[in-house]
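Letters go in sequence order (proteins before strands), and every chain restarts at 1.
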Amino acid sequence: MREILVISGKGGTGKTSLTGAFAHLATDKVLCDLDVDAPDLHILLSPEDHKKEDFVSGNEAVIDPDLCTGCGTCAEMCRFDAVRETGDGLYEVDPLRCEGCNVCVTFCPAQAVKFPAKHCGTWGIGETRFGPMVHARLFPGEENSGRLVSLLKQHAREVAKEKGLGTVLCDGAPGIGCPVISSLSGTDLAVIVTEPTLSGQHDLERVADLCEHFRIRPTVLVNKFDLNPEQTERIEAYCSERNYEVVAKLPHDSIVVEAMVERKVVTEMPDSPFTDTLRSAWARIEELSEQCASASK
Amino acid sequence: MIISVASGKGGTGKTTVTSSLVSVWDKPVAAVDLDVEEPNLHLFLRPEIDKVSTVDMEIPKADDAKCTHCRKCADLCSFKAITVMAETLLVFEEMCHGCGGCLAICPEDALTPGARPLGTLEEGKSGDKPYLMGRLRIGEAMSPPLMRHVKKRLDQVIGETGRDAIIDSPPGVSCPAVASVIDSDFIVLVTEPTPFGFHDFKLAWEAFTPLGKPMGVVVNRAGIGDRSVQDFCAEKGLPILAEIPFDRAVAEGYSKGQVVAEVSDDLKRVFESLRDAIRREAAHA
Ligand code: SF4
Ligand code: SF4
């Protein structure tokens, strides 16, 4: 089994649209949307869920006003400024600032702080026209997306094993923080989608460093390369210096948004130079991931 | 007044809007990049950074010799950052949230305050405007503590000079995004009129509405996709403060690191009227 992760360092580079197309092009695969904060892949793939579950993670402090004596210990000890006075001499926890650290719970002399488990989102497994898909949604404002990402990956691997599928194809989380770090674990090949902009290059370099940090081979796809050919050249130079293969340069093409509006992936649209380039890019990604997977075995 | 520029997702033009607003802001203002995972605002505002300080988080340092293995710290820690394995006290630094609980509870002084670097706070000036940014260390997973640090510094800057602040918030709607907008007076939500953009926009609207802050919308790349964003705003009574037309000149300007409001007079006017609309809406609220 091999795992391919599509990431971008930042959103808006076309990562999900391209992952959707790869989902169409790949044979025998399970799909996994790891962008749990703002998942979009389901918009293109419309999964029909046959399994749906709550995601419960961590705890949240809640002060029982009947037990609180107003001593203020919790507010004093909370390092996240999550506890505040209510005005009538009692204290309450702001759920948006609470990290669930347990400090106020432990130190409250009146044992007034309860610590219920937190329902942070939902996750499910569904069937799409391109195969099974594991996906989730974190409720707004929640953290712990790293844990949810790991959970999704684990389920995607199980589905692959059960059904004898050879590829786990993941739409990665944006950024370089905790959810991306979880996305990278166990990945054979990271496909970084970038754009020829100053910020695109900046984000590419940071996420490539992150891949190196975790010893995962990155390969690069430049989207909308014709917006700034000079910048594209700089990205190519950077990649060749670091020994990252640029698997494709895709032009800026309205076909991507047109497909999205029709809730289709771009390779389901009539063939065009854009989709041809995308097909050969995918073929190369498959080869590279094969090499990486067998090297790591 | 503190204005946060947020979006349900990256790539919608948050930094374009932030940098342009800073450029047309005609009152004393500070520019802040709170997108500490991927700070990009400096690529457009090109500040001269004159101070870089490392920001640490307090984490426990373990002294095994003093530990009696009572496990009080391990039982307290919600993040499994500290464990007692057989006769050894272990701290997993990268999992620690710095809550200080274990330090407070250890009866043997076996835990003392140590530090883990989170990243850097960079300060400088973009023209005559103070500029602040945080930059998360590669491999560091926790951005909110670094953001809190940048915000504290911002409070000082605002306190000293009474100026406005325009904040480039992290993308998304999870804890860093909420942490970023929670202390602002006005939220500008940037979105794109495509199915992805609309979906992310709705999530952001759901996430920020409970904060009860005045909000307004900027539709970027107007003209591509469909009208679902506009219809939704009309239905919810959310003001659309500006529409930035889809224009190759905007995309090319952006790609070169140009502030979009400085690309043409027409675009400058779009952001000036956005500025005025924000002031109007904030005054209403
Ligand atoms: S520590 Fe307990 S009793 Fe004291 S203010 Fe907090 S909740 Fe109330
Ligand atoms: S400071 Fe808090 S999070 Fe860190 S190890 Fe101690 S109890 Fe755990």
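Heavy-atom distances place no part of A/S254 under 4.5 Å from chain B, backbone and side chain included. Both the backbone and the side chain of B/I105 come within contact range of chain A, with heavy atoms under 4.5 Å apart. The part of A/D35 that comes within reach of chain B is its side chain, from C-beta onward, which places non-hydrogen atoms under 4.5 angstrom from that chain. Both the backbone and the side chain of A/V261 come within contact range of chain B, judged by heavy atoms closer than 4.5 Å.
Among the candidates A/R97, A/M77, A/E258, the residue making the largest number of heavy-atom pairs closer than 4.5 Å to chain B is A/R97. Heavy-atom pairs under 4.5 Å with chain A peak, among B/G101, B/G197, B/A207, B/C99, at B/C99. Most heavy-atom pairs under 4.5 Å with chain A: of the set B/P170, B/S228, B/S255, this distinction falls to B/S255. Ranked by non-hydrogen atom pairs under 4.5 Å with chain A, the options B/R248, B/K256, B/E206 are led by B/R248. Most heavy-atom pairs under 4.5 Å with chain B: of the set A/H213, A/R137, A/Q201, this distinction falls to A/R137. Contact tally against chain A (heavy-atom pairs below 4.5 Å) for B/N40, B/D35, B/V178: the top residue is B/N40.
Side-chain contact annotation: A/H135 with A/D49, donor-acceptor N/O pair under 3.5 Å present. Side chains of A/T187 and A/K153: a donor on one and an acceptor on the other come within 3.5 Å.
Using a cutoff of 4.0 Å between basic side-chain nitrogens and carboxylate oxygens, A/D171 and A/K15 are scored as salt-bridged. Of the charged side-chain nitrogens involved, none lies within less than 4.0 Å of a carboxylate oxygen, so that A/E99 and A/R79 do not count as a salt-bridged pair.
Other residues, nucleotides and ligands contribute more than 12 heavy atoms inside 6.0 Å of the NZ atom of B/K213.
Exactly one residue among A/E233, A/E236, A/E195 makes a salt bridge (Lys or Arg N to Asp or Glu O under 4.0 Å) with A/K249. That residue is A/E236.
Checked by atom type and distance alone, the side chain of B/H199 pairs as donor or acceptor with a backbone atom of A/P39 at under 3.5 Å.
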